[in-house]
Amino acid sequence: MAQRKPFVGGNWKMNLHHDQATALADALAAGFKDTDKVDVVVCPAFPYLRCVANHLKKAGSAIKVGAQDFYFQGDGAFTGEVSLAMLKDVGVSVVLVGHSERRHVIGETDVLINAKVRAALAAGMEVILCVGEKLEQREAGQTDAINLAQTYYGLAGVTAEQMSKITIAYEPVWAIGTGKTASTADAQNAHAAIRKALVSMYGQKVADTVRIQYGGSCKPSNAKELFGQTDIDGGLIGGAALKAEDFMGILNAAK
Ligand code: PGA
């Protein structure tokens, strides 16, 4: 089976203003040098993308900068939106798509999410496609059905060659920001089902190379066990990504 390099993302969401964001970037650049062992991305809010990218670059860090959102069209008359070309200008190389807060708070559909995935790949970005079931769906026994539907929809039209730029983040909605983490067995089962879906779409060889992150109340104390599961290749971290010490604890657990 292919060896997959762990990949950990810090999703800062609508948190951390300029001084906090740049201080965190500096602390991570100084404190985590093992980017040969773990791929790392941080996703600040739009106004700070450029300065966080500059701080990381100045420190010589290989930590990447990701955007939490964008619009799938090219530059044009789309008031309030940000294009992929603009994100590239300010040093972004990774984008999140389909995060549960965008699906369930902002109301993004699978159709829009798929358009974003395809546009981001066409623009040469790396994509973290987030999927995950809500609590009522888990309780109704629909966990795999929801995850697979979101995976199939999200990746519609994506070629096997493009899959090298795709990471899937499995984030059970009920675990995000709640302090409740999926059990390692439940998380591993969900990841294995997603990988099986990737096998049916792209074949075993490609599916074996795709990284699947876990997200949802991941912290230094539970990261090692989660990342030790066969199909868990790192994490997408919210709350625990806002403090250098916590995030570095998770990065070290991924090594
Ligand atoms: P959390 O968020 O770590 O705060 O649960 C994870 C995410 O939303 O990506």
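Both counts, for ligands and for their atoms, begin at 1 and track the order of listing. Please read all numbers here as calculations on a predicted model, not as lab measurements.
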Distance-only check: which donor-acceptor pairs under 3.5 Å involve side-chain atoms of residues 58-66, not counting sequence neighbours?
{"from": "S61", "atom 1": "OG", "to": "I63", "atom 2": "N", "distance (Å)": "3.0"}
{"from": "K64", "atom 1": "NZ", "to": "E126", "atom 2": "OE2", "distance (Å)": "2.7"}

Taking only distance into account, with no hydrogens and no angle test, what donor-acceptor pairs under 3.5 Å do side-chain atoms of residues 22-35 form with protein atoms, sequence neighbours excluded?
{"from": "T22", "atom 1": "OG1", "to": "H18", "atom 2": "O", "distance (Å)": "2.9"}
{"from": "T22", "atom 1": "OG1", "to": "D19", "atom 2": "O", "distance (Å)": "3.3"}
{"from": "D26", "atom 1": "OD1", "to": "H55", "atom 2": "ND1", "distance (Å)": "2.7"}
{"from": "D26", "atom 1": "OD2", "to": "H55", "atom 2": "ND1", "distance (Å)": "3.2"}
{"from": "K33", "atom 1": "NZ", "to": "A29", "atom 2": "O", "distance (Å)": "3.4"}
{"from": "D34", "atom 1": "OD2", "to": "K255", "atom 2": "NZ", "distance (Å)": "2.7"}

Q) E101 versus K13: any side-chain heavy-atom pair under 4.5 Å? A) yes
Q: Using the test salt bridge (charged side-chain N to carboxylate O under 4.0 Å, His left out), find all partners of E108 that sit at least two apart in sequence or belong to another chain.
A: R102, K116
Q. With hydrogens left out, which residues have an atom under 4.0 Å from ligand 1, given that only heavy atoms count?
A. N11, K13, H99, E171, A175, I176, G177, G216, S217, L236, I237, G238, G239
(Q) Give me the atom names and distance for the closest heavy-atom approach of M125 to K165. (A) O-CD, 3.8 Å
Q. Does D186 reach the main-chain N or O of A182 with its side chain, forming a donor-acceptor pair under 3.5 Å?
A. no
